[in-house]
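See below for the structure under consideration.
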2 protein chains.
Amino acid sequence: MEYTVQKLGKLAGISTRTLRYYDEIGILKPARINSSGYRIYGQKEVDRLQQILFYRELGVSLKNIKDIILSPSFDRVEALKQHHIRLLEKKKQLETLIINVEKSIAMSEGRVKMSDQEKFEGFKQKLIDENEEKYGKEVREKYGDEVVDKSNAHLKNMSKEDYERIQTLSVQIDEALTEAFKTGDPAGSMGQKVAELHKQWISLCWGHYNKEAHAGVAQMYVDDERFTLYYDKEQPGRAEFLRDAILIYTGMSK
Amino acid sequence: MEYTVQKLGKLAGISTRTLRYYDEIGILKPARINSSGYRIYGQKEVDRLQQILFYRELGVSLKNIKDIILSPSFDRVEALKQHHIRLLEKKKQLETLIINVEKSIAMSEGRVKMSDQEKFEGFKQKLIDENEEKYGKEVREKYGDEVVDKSNAHLKNMSKEDYERIQTLSVQIDEALTEAFKTGDPAGSMGQKVAELHKQWISLCWGHYNKEAHAGVAQMYVDDERFTLYYDKEQPGRAEFLRDAILIYTGMSK
DNA sequence: GTTACACCTTTACGTAACGTCAATGTCAAC
DNA sequence: GTTGACATTGACGTTACGTAAAGGTGTAAC
């Protein structure tokens, strides 16, 4: 497939000026120029533009993006995996900010108190962005590990496999819950599958398992707003669904 | 509490230049200027800065932010509720982008195919930002109530007093935890006071009490990142402290 | 008592990543 | 053969600060 400036711009959601600018600074040159002087982009350019936008989204300057993707040692897949990690971090920060705004509302309504410090939680992604600017390859390798280390901080007493298993389970629970929620039946096979996954997750976290505690935690998913907020983010009612599924699973449903 | 430029900058994670610039364009003026010509900010300015940063995070230009917050009809709480909605939208978009990068990795490894269009899914938050620029008051009024209803959803089956008691307890636990944490001793009287308050809170939430479940929840405060994030916000280690206090309280400490 | 140092001030030029004209050429359609 | 939506290259404007430069302030230490 071949694209002119406007077509590629529409595809990627950017302006034609931006594409011309990217040509000008040499970060994304068209595959060829046709007889009338028009810029024509091909497959390779589409993929490169996607890479550029990923870096841009993460706050990397165009100058640094250029250095990175023009580097002979640039590894596309490795870069994508880095993007993945960074985007997850960004998501966490956004979640912090969402909690912040929720608390701020509660404060305005006099329901809770907030320290000045709390009022700015979730804004400081700047620090991350500034790190991003240093994104040289060596730096990347260096910080890459550090980030991993940091996120593994509370792993201390856990084997690496267990930790990874827990991470995988979290994602699986989330996905399975989304699917099961559509059925509307917490007692159904999909609902019970979620509960089963959740049991595995809890067993790993606690090192043991206990029905009553499991049921207690499930109830908390509805009662504790920090959980409710998280689970209801996409579809209101997900937290309740999860609780019901677990209560049925543990036989604690009355 | 009063702040100089640097103190406020550190608190909010922005530069002193930014604060001076905000003064210059009249979007955030200090409460007063002291005898040496220093800018001094107070409580009102802290709150306004928070508002500014919320708008900025959502891509609103400083010019528009100024028009909005200086408007006589500006409603702080209403604005916060709008931020909440926008942030949730932004989070959804981020999640789309994360799926995008995951698919891109899978594609690079030859596991799936992707259309050119799919390659740019999640980038087009631009369209949202443009809506932000129009941020009229009417729009704000339209969405406002919806959020309130949602946040009150899980209150349905609870008496008003119970609900208020739970809210009070949340705050008390938080404050008591901050105090107790300073002692460094989860087994001390202050640490055990926190655990006692937490028991009351859990009893209200669950309608019953059970030591094992209580201990399980405590363990989860450390294992589940959503909790850890919340409790460790001010001082890292608070989540662990709370867990230890409860484990001792319940006699589950080994 | 002055020296050090970490604060604060204003003034002013620099910059990144485009937006926004202006002047002009191209192509398909009616 | 003219209309209208495309494309081109300049070139200047804009936003939200960064980054000195040149100097006053406050406290602690020698």
Side-chain angles (χ1 to χ4, degrees), chain A residues 2-41 45 49 52-69 123-127 129-130 132-135, chain B residues 2-41 45 49 52-69 123-127 129-130 132-133:
Chain A
E2 298 206 312
Y3 298 95
T4 59
V5 271
Q6 200 153 61
K7 282 185 185 164
L8 184 56
K10 269 203 181 134
L11 179 70
I14 58 177
S15 73
T16 60
R17 174 67 173 105
T18 298
L19 281 172
R20 254 177 258 115
Y21 181 63
Y22 286 179
D23 183 6
E24 187 186 330
I25 63 173
I27 195 173
L28 182 70
K29 287 185 182 299
R32 62 189 179 85
I33 307 284
N34 79 3
S35 57
S36 321
Y38 289 17
R39 290 171 179 81
I40 308 292
Y41 298 88
E45 287 71 31
L49 179 55
I52 293 170
L53 294 186
F54 271 125
Y55 280 109
R56 196 181 69 165
E57 180 73 20
L58 291 166
V60 183
S61 71
L62 293 183
K63 192 173 173 349
N64 281 324
I65 296 177
K66 188 180 173 185
D67 290 344
I68 293 168
I69 62 178
F123 282 122
K124 302 182 190 179
Q125 105 249 68
K126 285 253 156 172
L127 301 171
D129 289 354
E130 274 158 24
E132 295 302 329
E133 289 293 316
K134 294 172 194 157
Y135 235 122
Chain B
E2 297 205 314
Y3 298 94
T4 59
V5 271
Q6 200 155 60
K7 282 184 186 166
L8 185 55
K10 271 208 179 127
L11 180 70
I14 59 178
S15 72
T16 59
R17 173 68 173 107
T18 299
L19 282 172
R20 256 177 255 115
Y21 181 62
Y22 287 178
D23 183 6
E24 187 186 330
I25 64 173
I27 195 172
L28 181 71
K29 287 186 183 296
R32 62 189 179 84
I33 306 285
N34 79 1
S35 57
S36 319
Y38 291 16
R39 291 172 178 81
I40 309 290
Y41 299 88
E45 287 71 32
L49 179 55
I52 292 170
L53 293 186
F54 272 124
Y55 281 109
R56 197 181 70 165
E57 180 74 18
L58 291 166
V60 182
S61 72
L62 292 182
K63 192 175 173 352
N64 281 324
I65 296 177
K66 187 179 174 184
D67 290 346
I68 293 169
I69 62 179
F123 282 122
K124 302 182 191 179
Q125 104 249 71
K126 286 251 158 172
L127 301 170
D129 289 354
E130 274 158 25
E132 293 303 326
E133 294 291 318

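A, B, ... follow the sequence lines: proteins, then strands. Residue 1 opens every chain. For clarity, every value in this text was computed on a predicted model and none was experimentally measured.
In the region residues 15-24 of chain A, proximity to DNA chain D at under 4.0 angstrom, judged on heavy atoms, holds for A/R17, A/R20. DNA chain D lies under 4.0 Å from at least one heavy atom of each of the following residues of residues 2-10 of chain A: A/T4, A/V5, A/Q6.
The distance between atom NZ of A/K66 and atom P of C/dC18, rounded to the nearest whole Å, is 15 Å. For the pair A/I65 CD1 and C/dA16 P, the interatomic distance rounds to 13 Å; values are reported in whole Å. Between A/I52 atom CD1 and C/dA17 atom P there is a gap of 12 Å when expressed in whole angstrom units. Note: CD1 (B/I25) to C1' (C/dT10) measures 17 Å, nearest angstrom. One can place CG of A/N64 at 11 Å from P of C/dA16, the figure rounded to the nearest angstrom. Summarising the geometry, the separation between NZ on B/K63 and P on D/dG13 is reported as 18 Å, rounded to the nearest angstrom.
Of the residues listed (B/V60, B/I65, B/N64), the one engaging B/L62 in a side chain to side chain contact (heavy atoms under 4.5 Å, CB included) is B/I65, and it is the only one.
Remark: B/R20 engages no residue in a salt bridge (Lys or Arg N to Asp or Glu O under 4.0 Å) (not counting sequence neighbours). With sequence neighbours left out, B/K10 forms a salt bridge (Lys or Arg N to Asp or Glu O under 4.0 Å) with no residue at all. Scanning for salt bridge (Lys or Arg N to Asp or Glu O under 4.0 Å) contacts around A/D23 gives A/K29, A/R39, with sequence neighbours left out.
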What N/O pairs connect the protein and nucleotides 22-25 of chain C at under 3.5 Å? Give each pair on its own line.
residue : atom : partner : partner atom : Å
C/dG25  : N2   : A/Y38   : OH           : 3.1

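For the OP1/OP2 pair of D/dG26 and a distance below 4.0 Å, the side-chain nitrogens and oxygens of B/S36 include at least one atom meeting the criterion.
Checked against C/dT10, C/dT26, C/dA17, the side chain of A/S61 finds its nearest nucleotide in C/dA17.
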